[in-house]
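Okay, structure first, notes after.
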Amino acid sequence: MAVLFFNTITELDFAFTAIDEGFAWLYITGIIVLGLSLFAWFGQIFFAQTVIGLGFLAVVETVGNPLFILLIVLQIALAAWTLYRFASEIELTANRHMEKTHLLPRNVTKGGGDGIRDW
């Protein structure tokens with residue numbers, strides 16, 4: 001089993017031929033998610049996107065359609081979750097700024113001055 005796994009990894013085609021097959025939007029979405037996760041310090045999303053990206057490279061060359069479709073769904077869900085988190089962080093930062101300048105009553109920083117939320 002380990003030999004089979006090693007053979008499939010060593011025979012991967014890193015020429016990115018899947019981009020030529022009409023899946024460029026998947027890779028572009030992956031690059032955007034990676035960039036946003038690095039910019040906003042979302043470590044878990046960065047790790048998940050890295051695993052999904054490597055999965056795309058491995059699945060395109062070895063397994064086939066069922067797992068590829070699952071990875072497409074995971075990519076779309078991860079992109080939506082990243083955009084949601086990024087938008088909520090922008091909103092939280094704007095609300096913190098307006099609270100610090102006394103344009104809004106204290107809501108985000110009610111429990112303390114840090115305004116830290118759990119995800």
Side-chain angles (χ1 to χ4, degrees):
M1 184 71 151
V3 173
L4 178 64
F5 181 71
F6 182 73
N7 285 340
T8 57
I9 289 199
T10 56
E11 294 174 0
L12 288 178
D13 178 24
F14 290 104
F16 303 108
T17 55
I19 294 175
D20 297 335
E21 295 173 6
F23 296 111
W25 63 274
L26 275 174
Y27 292 102
I28 292 170
T29 305
I31 290 169
I32 290 172
V33 168
L34 272 176
L36 286 177
S37 65
L38 282 175
F39 180 71
W41 292 84
F42 298 148
Q44 295 168 341
I45 292 178
F46 179 78
F47 178 72
Q49 180 58 50
T50 304
V51 169
I52 289 175
L54 293 175
F56 275 125
L57 289 176
V59 167
V60 166
E61 299 298 328
T62 57
V63 178
N65 277 344
L67 195 56
F68 190 72
I69 291 172
L70 176 69
L71 284 174
I72 289 174
V73 170
L74 285 174
Q75 176 65 49
I76 292 170
L78 187 66
W81 176 248
T82 303
L83 289 176
Y84 169 74
R85 280 200 54 190
F86 199 73
S88 65
E89 287 295 323
I90 291 172
E91 181 182 2
L92 179 68
T93 303
N95 285 338
R96 274 193 212 152
H97 178 71
M98 289 196 301
E99 283 182 13
K100 287 179 88 175
T101 56
H102 303 290
L103 295 174
L104 285 177
R106 284 184 83 159
N107 186 19
V108 175
T109 59
K110 231 178 218 181
D114 55 0
I116 295 175
R117 293 191 295 188
D118 285 337
W119 282 102

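Atom CD1 of Ile72 sits about 10.5 Å away from atom CG of Leu67, to the nearest 0.5 Å. Put simply, CH2 on Trp25 and OG1 on Thr29 are 6.5 Å apart, with the number rounded to the nearest 0.5 Å. Taken to the nearest 0.5 Å, the CG atom of Leu26 stands 11.0 Å off from the CD1 atom of Ile31. Separation of atoms CG (Leu70) and CD1 (Ile52) is listed at 9.0 Å; rounding is to 0.5 Å. Between Gln49 atom CD and Leu74 atom CG the span is 10.0 Å, to the nearest 0.5 Å.
Looking only at side-chain heavy atoms (C-beta outward), Asn95 and Glu91 come within less than 4.5 Å of each other.
Side-chain heavy atoms closer than 4.5 Å link hydrophobic residues (I, L, V, M, F, W, Y) into clusters, and following such links, possibly through other members, connects Leu83 to Phe42. By the criterion of side-chain heavy atoms lying less than 4.5 angstrom apart, applied directly or through intervening Ile, Leu, Val, Met, Phe, Trp or Tyr residues, Trp41 is not grouped with Ile45; the two fall into different hydrophobic clusters.
Residues satisfying the side chain to side chain contact (heavy atoms under 4.5 Å, CB included) criterion with Ile32, sequence neighbours excluded, are Ile28, Leu36.
The hydrophobic cluster containing Phe46 also includes Leu34, Leu38, under a criterion of side-chain heavy atoms closer than 4.5 Å among ILVMFWY residues, counted directly or through chains of members. Residue Val73 shares its hydrophobic cluster (ILVMFWY side chains chained together at separations under 4.5 Å) with no other residue.
Using the six-membered ring where Trp is involved, Phe39 and Phe86 have ring planes that are tilted, between 30° and 60° apart.
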